[in-house]
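Report on the structure given below.
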Amino acid sequence: MDRRTSLRWMLAAAASLPLGDARFSPAHAAAGKSAVPYGADPGLLEIYHPGDLWPLTFTPAQRAQAALLCDAIIPADATSPSASAVGVVDFIDEWISAPYPRQQEDRKLVLEGFAWFEAEASRRYSKPAAALSTEQRHAICDDICYLPKAKAEFAEAAKFFARFRDLTAGGFYTTPQGRKDLQYVGNVPLKQFDGPPREVLEKVGLA
Amino acid sequence: MAMVTAETAARGKYDVIVVGSGAGGGQTAYTLSMNGASVLMLEAGRRYDPERETAMFQTPEMAPLRATSTPEKPFGFYDATVDGGWQVPGEPYTQASTEKSRRFEWWRARMLGGRTNHWGRIALRNGPYDFKPYSRDGLGFDWPISYEDMAPYYDKVEMLVGIYGANDGLENTPNSPDGCLLPPPKPIVSDLLVQKHTAKLGFPTVACHRAVLTAPLDWKNAPAKLHPGNAVAQDILARDMRKRSPCFWATPCGHGCSIRANYQSTTVHLPPALETGKLDIVTDAMVAEVVLAKDGRASGVRFVDKHTGASREARARVVVLAASACETARILLNSKSAQFPQGLANSSGKVGRYIMDTVGSDLDGQIPLLENLPPHNEEGASGLHMYVPWWGYRMQKAHKLAFPRGYHIEFTGGRRMPGFGTAGGLEWLSGGSYGAKFKEDARRYYGSFLGFSGRGEMIPNEQSFCEIDPQVKDKWGIPVLRFHWQWSEHEIRQARHMQKTFADLIESMGGRVKGQAQTTGDGAIHAGGNIIHEVGGTLMGSDPAKSVLNKWCRAWDVNNLFVTDGAPFPSNADKNPTLTIMANAWRVADHILERMQRKEL
């Protein structure tokens, strides 16, 4: 079997996970619920958590893999915690489990990507992905982190990585910790709106 | 609130039935009820209470999918619109063509307040040219009225609703008299940067006009100006104006506004109208047709009570349709009788004809000058503080441009509430970074983007219309609309010009265009219906053979049937239609009141 065929085979196996199958849902989350859309008139004032609306997908192994990749993309630093520390894995699980066309495309991409990463870890280092050293994980990521420069054999994996990075960033920067990391200071009522401070205008050459 | 059941509505005796509760229906019901007429408003969607239901301070992590859009919530989870979008379950519409460019995507909002729950609050006056476009360039149609006819009503609506803006004295961009406008919010840094660079390229950036209270309304003086000699109306309005809070410079307008600082029909028009005791509202009441009396006048409407599925009739001396342009056309086309086999008010054959949207085209850029700015609050009034009004009237007059009508530029920048896409798709700048470098890149580029949107005038054409689909019915048994659509060269060339202008602007600021400016107009222009500025379909005119309505928006064929949404518009200027819908509705409602007083109705 050539590499391309073996990859397809692996990916097909991963993609065959049925949407919303309770076997792949954590026990606490919406077990037994089928994945139905929230409808055109959902409760806007409720606070929602992953798993509230539709069953989640990740197996424990997939959760672990998601966490490693999320944190390769957004690690903890002096300013803010890592992506996995603020619930981004749960968010991505919620996302790929959602019954909408865009999310179902991402589901395929993400689960196939995980399978590819596992196969690649095995091929390069004869190890499960979870057992890779940081350097080894980065060596794989370096090959797939930028589609325009990725070798042809890594093109599909690079598409997966680009989308996984967007999902990770989307999850992270919409948390209070992510907003703080960007030094976002809005959404607080003000008596008046003063416009930009002088130092801002000076920096942009408009003072 | 005088919210009534379908049963009560069907038993009632009213002066006027108003179909629809958005900008047109809201203004019509307001003007009529404040002047003593009894009004029944029918809304096809559910009751909606913005003070109780608005998710004002909710942030993305509290919502499913970080509040991103889905087919059910096309503008994101927290958009105030419920039961609305380009698809409404059980209420389909069809397309005459399978070609993508010939489709019209029909946006609806089945809820109290209609589309006023989703809009940018951009409230621009049409200028004098916009009422006489045919006279100016020989294309499309003139309005049977002039700017001078509409101006007093623009004044009134601005005072009632609360519109911020400034008077810049620019060509075909009218000033408002003193006392009409609220002060514009201070520009944010990207506004000033755009202003500097548009000036270099020879066009202006000025304060936008939006329906947001930047200061309290003038509750001491405005009521007397709006309702002279009507002490009851003045008192109701003064009290209601005091209940509206000015903007507190936080939360997105699109979530709705429970403090009533911005305009939705439900925060501005309906509360005082209900306070008069003259307005009854029935929700979940889907109007199917206008019912004719034996003498050829409209006797009322037949509607479906969505709670029971039962068909009912409501009666009044006057019927006003404000159901949204295409829905109004649909109701008329479905109002068939022996006397009017082609639908009501359709002896000209023009009902459903000349539907229009706005030409839309967008381009984003990244501006290095705006990177790594010191943190500061840039939310302001949540929407546009400034915009670029159309600057090319003289060039067009001199035939120096390849398209005849104008567009304005809306642009968005600033350190906004981070959303799902804030640090997404950064590869084109970051070279695919991940890890610590990615976090630095996200900080660096946050707030450094500017998005430009052109919003331009479409000229009505023979290929863009709606008709009744001969087969398909909605879940209420009402025949649905089938759409025909085509942009003409005028719009496609205009969209191409937008792309070039935006690319020039971005590059002038030292920025980089995201993706590529579209050099073919086909690639640049949004699909029909996407901008949700649907107007036309029952045009007003001066010739009964060529138009559906007279200059008072009364059906030529039916003495007591009026239209006050966007359907009567003979043209669709680049100025967003909502303010003109409201001004025109007030004008028509005044006319109805006068005719009722003269016992003509």
Side-chain angles (χ1 to χ4, degrees), chain A residues 37-42 44-45 47-48 52-53 72-75 77 79-80 91 94-95 98 100-101 103 138 141 145-149 162 165-166 169-176 178-179 181-197 199-201 203-206, chain B residues 46 53 55 57-66 70-72 77-78 82-85 88-89 185-189 192-193 196 248-251 369-370 373-381 415-425 427 431-436 438-439 442-443 446:
Chain A
Y38 53 61
D41 189 7
L44 301 187
L45 302 179
I47 292 177
Y48 296 84
D52 284 356
L53 288 173
I73 291 163
I74 298 189
D77 64 6
T79 306
S80 63
F91 159 67
E94 177 208 14
W95 183 277
Y100 297 106
Q103 280 73 17
H138 283 191
C141 289
C145 70
Y146 188 44
L147 181 59
K149 291 203 175 152
R165 179 170 45 211
D166 282 355
F172 181 78
Y173 291 109
T174 47
T175 61
R179 287 194 283 271
D181 179 294
L182 294 179
Q183 297 185 282
Y184 168 74
V185 293
N187 211 39
V188 286
L190 304 173
K191 277 217 164 116
Q192 57 186 40
F193 180 72
D194 291 330
E199 57 166 338
V200 171
L201 295 175
K203 191 156 189 286
V204 182
L206 291 165
Chain B
R46 75 163 169 88
E53 297 192 52
F57 278 97
Q58 268 73 353
T59 44
E61 78 282 11
M62 300 175 190
L65 306 173
R66 295 301 204 255
T70 64
E72 293 160 339
F77 191 73
Y78 288 128
V82 297
D83 292 330
V88 174
K186 294 212 171 77
I188 63 172
V189 62
L192 296 169
L193 193 63
K196 176 176 163 181
F248 54 36
W249 315 106
T251 82
L369 260 178
L370 297 174
L373 289 184
H376 63 293
N377 186 328
E378 296 203 88
E379 288 188 330
R415 300 170 66 88
R416 307 278 168 177
M417 162 84 70
F420 176 80
T422 290
E427 294 90 334
S433 65
Y434 66 93
F438 178 78
K439 288 180 95 168
R443 290 168 199 141
Y446 168 61

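Here is how names work: the chains are called A, B, and so on, in the same order as the sequence lines, proteins then strands, and each is numbered from 1. No experiment lies behind these values; they were computed from the predicted model shown.
- Only the side chain of B:Thr422 has a heavy atom closer than 4.5 Å to any heavy atom of chain A.
- Inter-residue side-chain proximity for B:Thr59 and A:Thr174 is flagged as unmet; no heavy-atom pair is nearer than 4.5 Å.
- In terms of heavy-atom pairs under 4.5 angstrom with chain A, the leader among B:Glu72, B:Arg443, B:Glu378 is B:Glu72.
- Side chain of A:Asp166 to main chain of B:Gly425: a donor-acceptor pair is present (N/O by atom type, distance under 3.5 Å, no hydrogens or angles).
- Residues A:Tyr48 and B:Pro64 come closest through the heavy atom pair CD1-CD, 3.5 Å.
- Rounding to the nearest 0.5 Å gives a distance of 4.5 Å between CG of B:Asp83 and CG of A:Asp41.
- When each of B:Tyr446, B:Trp249, B:Phe248 is checked for heavy-atom pairs under 4.5 Å with chain A, B:Trp249 comes out on top.
- A salt bridge links B:Glu61 with A:Arg179: at least one charged nitrogen is closer than 4.0 Å to a carboxylate oxygen.
- Only the side chain of B:Arg46 comes within less than 4.5 Å of a heavy atom in chain A; its backbone stays farther off.
- Interface remark: A:Lys149 contributes no atoms to any contact with chain B (heavy atom separation under 4.5 Å).
- Across B:Glu53, B:Lys186, B:Arg416, B:Arg415, the residue that shares the most heavy-atom pairs under 4.5 angstrom with chain A is B:Lys186.
- B:Arg66 places no side-chain N or O within donor-acceptor distance of the main-chain N or O of A:Phe91, the cut-off being under 3.5 Å.
- Using a 4.5 Å cut-off between heavy atoms, B:Gln58 contacts chain A through its side chain alone, with no backbone atom that close.
- Contact count versus chain A (heavy atoms, under 4.5 Å) is highest, among B:Ala423, B:Gly424, B:Pro374, for B:Pro374.
- Looking at A:Leu44, both its backbone and its side chain come within 4.5 Å of chain B, counting heavy atoms on both sides.
- Annotation: the span from B:Leu193 atom CG to A:Leu201 atom CG amounts to 10.5 Å, rounded to 0.5 Å.
- Classification of the B:Phe438-A:Tyr173 ring pair by plane angle, with boundaries at 30° and 60°, yields tilted.
- For the pair B:Lys439 (side chain) and A:Pro75 (backbone), a donor-acceptor distance under 3.5 Å is present.
- Distance alone, capped at 3.5 Å, is enough to place a donor-acceptor pair between the A:Glu94 side chain and the B:Leu65 backbone.
- B:Tyr434 contributes a side-chain N or O that, together with a main-chain N or O of A:His138, makes up a donor-acceptor pair within less than 3.5 Å.
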- Show your reasoning for whether side chain to side chain donor-acceptor pair (under 3.5 Å) applies to B:Thr70 and A:Tyr38. CA-CA 10 Å; B:Thr70 64; A:Tyr38 53 61; 2.8 Å; yes
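- In this structure, B:Glu379 contributes its side chain and A:Gly186 its backbone to no donor-acceptor pair below 3.5 Å.
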